[in-house]
Structures are given as C-alpha cells and as structure tokens.
Amino acid sequence: SSHEYKLNFKKSKEMCLSYIQDAMLQKQWKKAAEFLTFYMESLEKDFAREYLSPSEVIWRIGTEILCHHSHSSMKEFNSFTEQMKSLGVKRYLKVCLEHTFHLLCDGLIDEAYQNLSLSESWRSGDQTVIQDKEMKLIKAYRGLLDYYNWSKQKNILLEHGQDGFEDLSVEQEMHSCFRKAAVNLKEIIKIPGVWDLFVKCYVDLLEFYGDHNEARQVLNEYAYNSKFPTNPNAHVYLYQFLKRHGESKKSLVSALKILHDVVPSHELMIDFNIMLQKSKKRKRRRLGLEVIFAVLDYAGWKENVKAWSCLARQLKQIVISEKHLDWIKQEWNSRKDWWPAFHFSRYSAKRNWQENECLSHEKALVAGILLGKDCKYFKYVSHQGCKAQVKRFRILKKFVNKHNPVYLRVSG
Amino acid sequence: RDFNERCAQCSEVNWGLTDGGRFYCRSCHNVTERTTEVVNTDFVCNSRIHTICKGLKNQEKTDGSCEWYVCEGFQLILKKQAEALEALGVCPQMKDEVLCNFWRRYLQKTKQAYCNTSAGETVKALPVCDSSTDVDSEPERPSPLQLLSLSESDGNLQTDSSFASSISKVSESTSVCSGSVDGSLYLMKNRKEKLRMTMPMTLSFCYMALLWLREPMTLSDLLRFVVEGHIPYLNVFQDFPEKMKLYGLDLKIFRVESWPVYEEVHKKMLELAAFLDLPRFPDITDSCFLHPDMLCMKYLMEANLPDELHNWTCRVVKKIRIGEVDFLTLVPGNKSTRNVKYDVLAAAVIVVVLKLLFLLDDHYEWLLSDFAEGRNKNNKEGGPYFEFEKWYKVIKCSLDRKQKKLDEERAKYLWRCEKVLFYSDKMKSKVLKRRQTVVNLQNQFGKLSGSVLPAEKPNPSSFQLSWSEENTDGSCFHGHSLKGVLQEKRGLLTAKNPDYWLCTVKLCNEKTCGHRAHYREVDFPQSYHFVIRLFSFLLRIQPSYIHDEVCVIEHKLFNKKLCKKPKYSTGLGK
C-alpha cells in the first residue's frame, strides 16, 4: 500500500470517516466516538450541497453510537437530536420522525407524541412542499399514537363499566382521540403503500363505532386496488373482517382464494382447506384439494400433523367414494417426481415414526394411497405400527391394502 | 532630529518621523528612506512599510480595526516562523538579518514597497498589470553585502507622494470584500504572477534563509516540523493582532487547508532565489550538515544501518562527484545546475549502496543474511555480522507501528482553530452558530470517548527513529560488521555481490513527463520497495521521488558502461 504524505482537509476527513466506520463495524463505540469528535469540524464546511453531506453522516453515525454506547442516555440522545434538527432545514422532518421512532422504541410514548405534534406545526418557507412525504408520515404516526391513546381510554372505560363506574371525561377523551386518529389514519391509507398497522387500527376504530360499511370499503380498497403493492396481509385482514361479520361463504372463499394465489403456504390455507372440504359444491372441494397439496409443497409444512391430516382425510374420502380419482391424478402428476424423495423417504419414515407417531400415521396413509402398499414409507411405518400393536395402524394397513390398485390409477 | 539635510523637493529642513520610523518633510510630505538608527531591526507588527504621512485618515476605524495590507500579514507570519525556528535552535541571524532582507528584497522586486513605483500606481492601471513603468528610475541593485547589512538606509529610494491619495481609493473599493485593504486586488492583480505570495511560499522563504545560513535542517525536517505544529503555519492568523481583521478574500490568502508539499515549496524556493537576483549561495562544503556525507551518516543512524556503510556512501558520493562544492551550492537562476534536494540525494545514495552490497532482488540479500546468521551462531567473537533479515524484521516492526500512528494522526488532524473566519458579515452569524454546534458535539462525544488522553504534541526532534546500542535485545545494528557481505580482493574490500540491476534503462525527460523515472511498486523487488518506503517515511515524500533520484545516481555511477554497450547487467565499477 502506498502511503501518501500529502494531506488536505477533505482527505483527512475521509480518512477519519473510514476509521469511524471500522470502529462501528467492530462495535468499538468509544473509539468511534473519539474519531467522531475529530470529524465534527467538517460541519463547518457543510455549506456546499454534496451527495452525502457531513451533517447527515454525523446524524446517522452519532445516533448509532448513542444508541449503543453504554454511557449514553436518552437525555443525551435527545439533546443530540435537537442539534441535528437545527443543522439542516432540508432534513428537519426526517430527523424528527426518526427521533420519534427512537422514543417509541424506548417506550417514551408521551415524548414521542409531543415530538410529533411539534413537528406537525413546523413551517419553513417552501420546505414544506419538499418534505411533504415526511409530513404525511408524521401525521400518520401521530394518528397511530392517537389510536393508542384511544385504546387506553377504551380499556379504562370498560374496566369502569364492569365496576359500575361511569366516567364522562374518559369517554369524551376517548371520542376526541378517535376523531384525531381517524382523520390522520384515513389520509395515509389513501396513498398506495404498505400500511398494515394503520389499516388495522383504523378498521378497529370503525368497527367499534359501528361503521362497518366504511371498514369493509377500506379493506376492499386495501386488498383489491391495483395501485397498491401486492400484500397478502391485506387479504388476511379482509378475510378476518368478513368472518367476524358472518359474511357469506362466497366472499370468504374469494378472499382466501387470492391469498392462496399469492402465498400458497400461508397458515390460513389449513382453515381454507377445511372450509372447502366441507362444501357441497364440487368446484370448492376440488379447490380444497389443490390448496392442501400446495401447502405441503413447502418445507415449512413438512412435519405439520394438521396439514397432513387434512390431506389424508380428503384423499381417504375421495378413495372411498371412488369418485373424482382424476382430481388426485391431476394433483399428483406434477408431484410424483419429487414428493417421494421430499416426503416419503425411508429416512423420513424412520424419523417420523420415532419423533411423531401421529404424523407418521397421516403421512403413511397419504403415501399408501399415492404410492401403494409397497412403497418404502408405508411399508416401514405400517410394519412398525403393527409391531407396536397400535390399533390404528392395523386399520391403516387394512385400508391401504384394500384400496391398493388406486395408486396405479393415480400415477397413470 | 539630527537629520539636517535639505529636503529634495522643497529644500526645507523640517523633518518629522513616520510610523515606520522614516523621515518625512513636514512641508511637502516628501518621505525618504532615511531612518533613525534602529538597533533592533525586528519588525514591529503594526508598522506599515509604506506608511507615508502621519495625517493618514482612518488609521484606526471606530470598530477597533485598522487598515492593513496583505504583505503586512505575510510579514507577520514570517516573523512568527522565524521566531519558532529560533526556538528550535536556528541562529538568530536568520530572523534578524537573512529572512527580513530576503523579504524586503521581495517587496522591492514586486513593487509593493521600497521602490519608486508604488502599489498605488498599479492600482490605477488595474486592468493592465504591468507595473514596470519606470525602468530608468530603477534603483541600483544593491550588492549582496548591502543586502546583508544591518542598516536600512538606502538613499536612492523614494516613495511617491501620490501614494497617499490612492490608498483611500483602494480602501473604499476593497474593504467590503476583505479585512485587508488590498485583499481582492491582491488576488485579482497577481493571478498570473508566479511569485504571488502564498502561505506555502512563506516556507520557501524560510527554507531559503536556512539554506543561506547552511543551518542543519533539511526541507523535509522543516516541513515535518510544520505538520507537527512546531512552526506556525496552519492557523497562524490567530496571532495577528486584534486590530487586523481577517475576513472575506483574506481567507483565500491566509487560510490553509492542506499540508505543504515538498516539491512545491522547493520549486518556489528556486524560483524565488532567481527572482530576487540572489547571488551564489554560501558554499556547501563537506563540513556542512547538508553535505551528502553528513546527511548519509545521519540517515544511516536513523535507519539503524551499520556505521560501516558510511565508507561506501562516501565512496559513491566521491565517484559520481556529488560531494563537490559547485554541485551542491545553489546558484539561483542557473538552469544547468541541477536542483539539489539534499535529503533526497542522501537517501538515494544509501539505497544505491544497499543495492550494491545486497543486490535487493528478493533473493540474494536473504542468502547473504543466512550466511551471516550461520556465522553469528557459531562464532561469537569479534562482534556480530550484519544480518539483513534481522534488520528487516526490526525496522518493519517499527516502521509499521509509526506508519499506523501517522495514519491515525492524519485522520485526527484538526484544521480549524478557535478563531472563526467568515467570508462576509451575512455569513457571520451562521458560521458562529455552526461553530457553537461543533463545539457542543465535540464535547458530547468527547465524553463518550472514554479516558482518552489528548494527543500530546511530540517534542521536536531531528531524529524520528532512534536506536541505542545499550539495548540488550540486539535491535541496534550500528556496530554490526559488514564482513558478511564483503570479500578481500587484491588487498581491497569489495562486495561479494557481483551483480547490479538498474532501476531504469533510460531516464525520462523531466520537462515532458515531470519525472526522471516511473515507480510502480509491483514492478520492483519487495526489498527494494521496503527500503524506498523506509526513507519515504522518514522524509515524508512520495516513494517515487526517492526512486527518481536513485535512477539518476545509478546512471551517473554506471555512466561509462551505459554509454558503451546496450546490455548492462553486471560489473561494478568501483
């Protein structure tokens, strides 16, 4: 490495910065703080607009150090952040917002609220136009905190209600929080984006005050408006809402169908399958089979007894009825090449039997139907089960033996 | 008082004294260069060299500031630097005589003072900055003896009385943009002039004075002292008196935001010497510190190399005749004499000697080292043989440590001082507020730094590395013998190493590409790079500059062989 013996202001500050970065990566906070003190004078050269200005660097680095340093306190952090706010008009709201996050992380809800309120009322020439986004976020988070306060008041009220007390002031407070929260939450969720928490809170408010129509509209918008990014949670919220309000099967199914398309491995797919299996409509039952097979394509569900039992039940039912074996064939077609190794190896048979008898039972049933009684998995488990004289395994064995030819038809 | 001559203009005898200690005629305001005998020739900081008459208005404004010129600022700075050098052990002559005479000559040559055509003239002729209007009335060039004399009297020079009126014009138009009277003019007018006074040039002046006096301080020493803070440079304007307000364009002139660069300071020094029409500098003889024999001795000690190597460096110096007075002594303006950089030269000689004895091809030197190691193990008598490997390890360890420390210091370097500067009144409050923020933040994070002691300014020392033979760990190689690498041939000691490799086959033309050779670390053996790196660190200059010098020396040394045949790889003409 060649060492330069020249030095100028810019270069020495660049070097200083790299020392700071090294120290931070190694979590040497004292050293980082030390070098940061030497970096500070670059603020006096900050009047030029560079891509990454020293004031931004100092804000971010200083925040990190203060968060991690053992001797630092919230008070120090606050005083530091106030100075950062005064350093750059362009960044003012962003600093305020991040300050709020830190306060919230530290559990200082009231201080966070105050901070947000102060920021909301900040005006500076034409900066409000440029920092429009941050302002919207600030209002939204204040709305969130208003919701939180509302929620607190509500709980107090419920408690008092139980005890037989009536508290007018609390009630009024609660309603006032609601109004403030509603206004801001409604605003932010209009903008295309991911606003899960805000949506949930807003819907909660609407439901409490009985405005179900608005709530449904909000959730529909959130789930179906193409301008919004694809968000599985939107559909989950919608589904939960519909379920709460006893909506029709049709609407529930359509909500969950989209979820199945987007996240086939979602945990709600189990409920979905159960719902669909029970249905009288053939199409729905067919969908149910598709759904449950899709779930078990994912490694996370490999050892889930519930999922396997759903599949097992449905397969059993189809086999017994001897109708719609082609459904199984269709689903198995794309899976027959890899499911045997994925789920039904001899190794998994041994492991499943040792660790989870129920699991092995369900899986063995599925394996027996799809691969026949001579497949490794079924053979091992059923043999073990019968050896251990567990009744259900004997039943299992009988069943599979009886319906053995099915697998031939299924694997085609 | 005792001055009874008749005034040249009005023939009256009615003299007064200006602030600068000069006589002026009270009747016609004619100012002479005759002064009262001044015992102490120190510059008084608020004397203005070209003060004319006492009746100058606005001498001190209501806000406590005074009018001052850029060159006065530089004069102050030079004074401070000279004082610092004196504190470091340089003889007082430097400050009292040499430096101030050089400075005065500079002012004279650049028509800022002491001359017929004053700065006032050039103010009027602003767009056309040719100030050499009066060739005829150019004063007789003072002889070197006069230059060095204590007396300031020089009766041939007179200042123009029209200067008085033009001063107020200048101050009206420029006082807005700078604290100094002529700040903006200074920058505008002198833009094309190569020898416009700058901060780095103050060091050129200092070095020139040091060289004139043949003081034992090389340019690399000087610059290192500057960086270490022993010589005022970085924020020297802090020492300006309160009355001299510094703002606006003055910042461009006096605020420093980079370390002085060796090559730049040296180059300016040469230009300056020529510009000032200085005569041949005092001879650099072999008893001078700057002579290669002396400097080699110093650097050999510092590099922890055996004293015996000194014989070899002297031999090389003698062979290529770089120890001769005429080669080493600076003759300003003489383009044929090479610009001699004494420190670089000495370092390069040592490198060449190491190459001669150890080859430094990443192979042979280790062989020699193994041989010496074997011998040292078996035979304890007669002192140890020098082992390259051992030396390498010791030096590398020290060098890496020092380098690391230096890098940290560079990262921690603070450029601003307590005195705040700003470009205009508009910016003042902003700047002050920002400064307050910086101080607060420094305090806040300073507390979180743990118990870190503030970096102490190292004591100024000529030696950066020191090795003592009293160390029992054997880490001092001064007394080690070179017998391991030498052999006796026909009664003479020669190197065992029969080979030599040239750093470059052909030297470049400095004018076309700025260098005599081109250095890339990957192109050369690691040992060579290590040695270059060592001296590069000691001198605080780029390795390529030492490499350049090594190439030049090699070409001188093997001149005959180079001229004879196209292929050259063997043989040593010692």
Side-chain angles (χ1 to χ4, degrees), chain A residues 1-23 28-47 54-55 58-59 61-62 65-66 68-73 75-77 79-88, chain B residues 220 223-224 227 255-264 399 403 406-417 420-423 427 430-431 433-452 455 519-521 529 533 536-537 539-545:
Chain A
S1 61
S2 65
H3 293 274
E4 287 228 351
Y5 295 102
K6 311 186 183 189
L7 195 68
N8 59 21
F9 191 103
K10 190 171 165 199
K11 187 94 212 296
S12 72
K13 293 312 163 200
E14 277 171 15
M15 285 180 75
C16 193
L17 189 57
S18 72
Y19 273 89
I20 297 173
Q21 287 167 340
D22 276 345
Q28 294 170 334
W29 303 110
K30 283 197 184 137
K31 190 171 169 200
E34 186 197 341
F35 277 91
L36 190 61
T37 57
F38 293 104
Y39 186 78
M40 288 305 177
E41 55 172 24
S42 58
L43 283 175
E44 299 193 51
K45 271 206 138 199
D46 193 23
F47 303 118
S55 51
I58 288 172
W59 168 45
I61 290 179
I65 293 176
L66 287 172
H68 291 101
H69 197 290
S70 48
H71 291 325
S72 158
S73 66
K75 191 167 156 218
E76 283 227 34
F77 180 79
S79 129
F80 171 73
T81 309
E82 290 306 318
Q83 290 193 76
M84 291 298 107
K85 285 178 190 169
S86 70
L87 268 185
Chain B
S220 53
L223 296 181
R224 187 165 51 86
V227 162
R255 185 157 74 180
V256 167
E257 285 186 341
S258 60
W259 283 356
V261 174
Y262 186 107
E263 299 76 36
E264 189 190 319
L399 187 59
Q403 189 80 65
L406 183 64
D407 286 340
E408 268 196 33
E409 281 166 18
R410 276 151 55 93
K412 288 187 184 174
Y413 203 75
L414 284 175
W415 297 89
R416 296 294 156 96
C417 62
V420 182
L421 299 177
F422 30 84
Y423 273 96
M427 297 283 283
K430 219 176 171 185
V431 170
K433 199 171 156 219
R434 194 48 82 90
R435 167 59 60 95
Q436 191 57 50
T437 306
V438 168
V439 169
N440 289 343
L441 289 170
Q442 281 173 333
N443 285 336
Q444 181 173 23
F445 285 93
K447 286 197 204 117
L448 293 176
S449 303
S451 53
V452 172
Y519 183 65
R520 276 195 326 161
E521 189 186 327
H529 174 68
R533 192 186 133 207
S536 170
F537 171 80
L539 268 48
R540 302 282 198 274
I541 56 173
Q542 291 304 100
S544 51
Y545 285 99

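Per chain, numbering begins at 1; letters A, B, ... match sequence-line order.
- A search for side-chain hydrogen bond (donor to acceptor under 3.5 Å, both in side chains) contacts involving E76(A) returns Q444(B), not counting sequence neighbours.
- With a 4.5 Å cut-off on non-hydrogen atoms, I65(A) touches chain B through its side chain but not through its backbone.
- If you measure heavy-atom distances from Y262(B) to chain A, you find no contacts under 4.5 Å at all.
- Remark: W259(B) CH2 to K11(A) NZ distance equals 10.5 Å, nearest 0.5 Å.
- Scanning both residues, F445(B) and M40(A), for their nearest heavy atoms gives CD1-CE, 3.6 Å.
- Distance NZ/K447(B) to NE2/H69(A): 12.5 Å, rounded to 0.5 Å.
- In this view, E257(B) and K45(A), R255(B), R416(B) satisfy the salt bridge (charged side-chain N to carboxylate O under 4.0 Å, His left out) rule, not counting sequence neighbours.
- Heavy atoms closer than 4.5 Å to chain B are found in both the backbone and the side chain of L7(A).
- Atom-to-atom distance recorded for W415(B):CH2 and K13(A):NZ is 8.0 Å, nearest 0.5 angstrom.
- A pairwise comparison of heavy atoms in G446(B) and T37(A) identifies N-CG2, 3.3 Å as the closest pair.
- By number of non-hydrogen pairs under 4.5 angstrom with chain B, the leading residue of M15(A), E14(A), E41(A) is E41(A).
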#### Entry: Intermediate values then yes/no, side-chain contact (heavy atoms from CB on, under 4.5 Å), L66(A) and L448(B)
CA-CA 9 Å; L66(A) 287 172; L448(B) 293 176; 3.4 Å; yes
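- Of the listed residues L406(B), L414(B), T437(B), the one with more heavy-atom pairs under 4.5 angstrom with chain A than any other is L414(B).
- Of the atoms belonging to H71(A), heavy atoms from both backbone and side chain fall under 4.5 Å from chain B.
- For F80(A), the parts lying near chain B are the backbone and the side chain together; criterion is any non-hydrogen pair under 4.5 Å.
- Note that OH of Y5(A) and CZ of F537(B) are 6.5 Å apart. Values are rounded to the nearest 0.5 Å.
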### Task
Quick one: do R434(B) and L87(A) satisfy side-chain contact (heavy atoms from CB on, under 4.5 Å)? Show the steps, please.
CA-CA 8 Å; R434(B) 194 48 82 90; L87(A) 268 185; 3.3 Å; yes
